[in-house]
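Remember, predicted model here, so these are calculated numbers, not experimental data. Starting from 1, each residue takes its place in the sequence as its number.
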Amino acid sequence: MELISYFDAHCDTIYRCYMDGDTVQIPFGEDSQQQNTFFEDCHTLRENKGHIDLERAGKYGRYAQFFALFYDSKGIPQGEMWEICRQLHRRFLQELEENPERITHCCTGEQVDETVAAGRTAALLSVEGADLLDCDVHHLAEAADWGVRLMNPVWNRANRLCGTNCEEPQRGFSQDGLEFIREMERQAIYVDVSHLSDTGFWDLYRAAKRPMVASHSNSREICPHPRNLTDDMFRAIRDTGGVVGLNFYQNFVGEDPSMDALVHHVEHFLALQGEHTLCLGGDMDGCEKLAGGMEGLQDVPRLYYALADRGYSQDLLEDLFWNNLRKLL
């Protein structure tokens, strides 16, 4: 069996390592019951019982991953999220320092190419929710210095920048939010629309000067969840030169979270002329159950071969699994 390439736009593995076995609540949205998840044996990135570790990463021909810095701001006093963000960043660096032979932090496409050619995982940084920067535009320069290339202005919690898909969904970007977006673009950080309110999406589309990204969102036409993208949203991202990462989380795939259902999302986006827009953003370690019978990183080739079995060319699969996300860097 050939070794496939896999470049993924979103995972929450650093958060799981940071929590280090604690019991936490992950709210998946107002329409979903909050679920308690015990992060058993996820203490290190090297090998764990979560969705992603470096042992499994080594089974790919090439593997690059955006690691999100994430923390729920609920109950955190004003002004304290930035220190939590720094702690998460230190945990990211610690994992890299403990595994130098397996993983390297990359900020550019050229660094990604060099790292995977040497047989190591290419690790890129994102931030899921500007709450982690206390929504303070002055923290963006330091985040850019860390090598952050992708950032969600919001997670599920509405903040002073914008509403979300599940809190204040009718509210778009404030003036502070638009200023934050402009500074993100000046710092060469892509704006990630996953979790944005619909109003915020279109505010961003009118204001954006650079390609837009939805790191982990599926088709709302196939699965009518507000976290997913309408066809018009997908076309808008496509027309900016951005990318959309296919999400493996069952709740965003549909009532029948089978591999066929996941492929249906792929085929729908391809029908929207998305062959150079669609990539992968599995949301692994950010959810409990993956679609298509997948249980982690080791199972992503199932999607590759499901598409190959339907007659999709190797060139197209290489674009979906690698090239489309790589081109942004």
Side-chain angles (χ1 to χ4, degrees), residues 9-10 27-32 66 68-74 81 85 126-137 139-140 143 148-221 223-245 247 249 251-252 269 277 281 283 286 328:
H10 184 84
F28 293 110
E30 291 181 350
D31 62 343
S32 301
F66 269 96
L69 305 182
F70 163 78
Y71 201 88
D72 185 359
S73 62
K74 184 179 180 180
M81 285 291 284
C85 188
S126 64
V127 174
E128 189 171 23
D131 309 79
L132 278 157
L133 277 66
D134 292 323
C135 297
D136 187 339
V137 70
H139 293 321
L140 279 169
V148 171
R149 297 301 315 274
L150 187 63
M151 185 181 301
N152 304 75
V154 296
W155 180 62
N156 286 347
R157 310 289 182 198
N159 60 32
R160 66 185 179 89
L161 305 183
C162 195
T164 81
N165 72 95
C166 63
E167 284 190 3
E168 302 181 47
Q170 302 305 315
R171 182 161 67 84
F173 276 95
S174 64
Q175 286 304 309
D176 282 348
L178 292 174
E179 179 185 350
F180 197 92
I181 294 304
R182 286 191 288 270
E183 183 59 23
M184 282 180 63
E185 293 194 325
R186 282 193 289 268
Q187 296 288 350
I189 299 173
Y190 287 108
V191 183
D192 187 345
V193 306
S194 293
H195 294 285
L196 268 181
S197 66
D198 287 5
T199 305
F201 179 97
W202 293 111
D203 285 347
L204 174 63
Y205 177 68
R206 288 186 289 269
K209 306 296 185 186
R210 304 181 75 232
M212 295 164 60
V213 173
S215 66
H216 55 306
S217 295
N218 290 342
S219 167
R220 200 179 299 180
E221 181 70 21
C223 175
H225 193 292
R227 266 281 285 107
N228 287 338
L229 301 171
T230 67
D231 288 358
D232 283 343
M233 289 174 174
F234 183 86
R235 293 186 188 99
I237 294 171
R238 178 199 68 193
D239 292 346
T240 69
V243 294
V244 172
N247 194 317
Y249 178 34
N251 283 22
F252 304 144
F269 284 144
T277 303
D283 206 5
L328 287 185

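Minimum interatomic distance between Pro226 and Asn165 (heavy atoms only, all atoms of both residues): O-CB, 3.6 Å. The minimum heavy-atom distance linking Phe66 with Ser126 is given by the pair CD2-CB, 4.1 Å. Scanning both residues, Ser217 and Val244, for their nearest heavy atoms gives O-CG1, 3.4 Å. Nearest heavy atom pair, residue Ala68 against residue Glu128, reads CB-CB, 4.3 Å. Contact record, Leu133 with His139: O-CD2, 3.0 Å, taken as the closest heavy-atom pair.
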Donor-acceptor contacts under 3.5 Å from residues 229-238 side chains, at least two apart:
from, atom 1, to, atom 2, distance (Å)
Thr230, OG1, Met233, N, 3.1
Asp231, OD1, His268, NE2, 2.7
Asp231, OD2, His268, NE2, 3.3
Asp232, OD1, Arg235, NH1, 2.9
Arg238, NH1, Leu272, O, 2.7

Using residues 200-211 as the side-chain source, report each donor-acceptor pair under 3.5 Å to any protein atom, sequence neighbours left out, with the distance given to one decimal.
from, atom 1, to, atom 2, distance (Å)
Asp203, OD1, Arg206, NH2, 2.7
Asp203, OD2, Phe173, N, 2.9

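Contact check for Arg220 versus Asp198: side-chain heavy atoms found under the 4.5 Å cut-off.
Although no hydrogens or angles enter the test, the distance criterion places no donor-acceptor pair under 3.5 Å between the side chain of Asp176 and the main chain of Leu161. Counting only distance, with no hydrogens or angles, the side chain of Asn156 and the backbone of Asp72 share no donor-acceptor pair below 3.5 Å. In this structure, the side chain of Ser197 engages the main chain of Arg171 through a donor-acceptor pair within 3.5 Å. Side-chain atoms of Arg227 do not come within 3.5 Å of backbone N or O of Phe252 as any donor-acceptor pair. Side-chain atoms of Glu168 never come within 3.5 Å of backbone atoms of Gly163 as a donor-acceptor pair (strictly under, hydrogens ignored).
Residues meeting the ring pair (Phe, Tyr, Trp, His ring centres under 6.0 Å) test with His216, sequence neighbours left out: His10, His195. Residues passing the side-chain hydrogen bond (donor to acceptor under 3.5 Å, both in side chains) test with Asn228, sequence neighbours excluded: none. Every residue meeting the side-chain hydrogen bond (donor to acceptor under 3.5 Å, both in side chains) condition with Ser215, not counting sequence neighbours, appears here in chain and number order: Asp192. In this structure Glu185 satisfies the side-chain hydrogen bond (donor to acceptor under 3.5 Å, both in side chains) test with no other residue, sequence neighbours excluded.
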Using the side chain to side chain contact (heavy atoms under 4.5 Å, CB included) rule, take Thr164 and Trp155 through it: C-alpha gap first, then chi angles, then the decisive distance, then the call.
CA-CA 7 Å; Thr164 81; Trp155 180 62; over 6 Å; no

For the pair Tyr249 and Asn247, evaluate side-chain hydrogen bond (donor to acceptor under 3.5 Å, both in side chains) and give the outcome as yes or no after the intermediate values.
CA-CA 6 Å; Tyr249 178 34; Asn247 194 317; over 6 Å; no

List the steps and the verdict of side chain to side chain contact (heavy atoms under 4.5 Å, CB included) for Met151 and Leu140.
CA-CA 10 Å; Met151 185 181 301; Leu140 279 169; 3.7 Å; yes

Side chain to side chain contact (heavy atoms under 4.5 Å, CB included) assessment of Leu196 paired with Cys162:
CA-CA 8 Å; Leu196 268 181; Cys162 195; 3.7 Å; yes

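The structure places OG of Ser73 at 7.5 Å from CG of Asn159, a figure rounded to the nearest 0.5 Å. With rounding to the nearest 0.5 Å, the separation of CD in Glu179 from CD in Glu183 is 8.0 Å. A distance of 10.5 Å separates CZ in Phe180 from OG in Ser174, rounded to the nearest 0.5 Å. One distance of note links SG of Cys223 with CG of Asn251; it measures 8.0 Å at 0.5 Å rounding.
Paired with Val213 under the rule side chain to side chain contact (heavy atoms under 4.5 Å, CB included), one option of Leu328, Val191, Thr240 passes, and it is Leu328.
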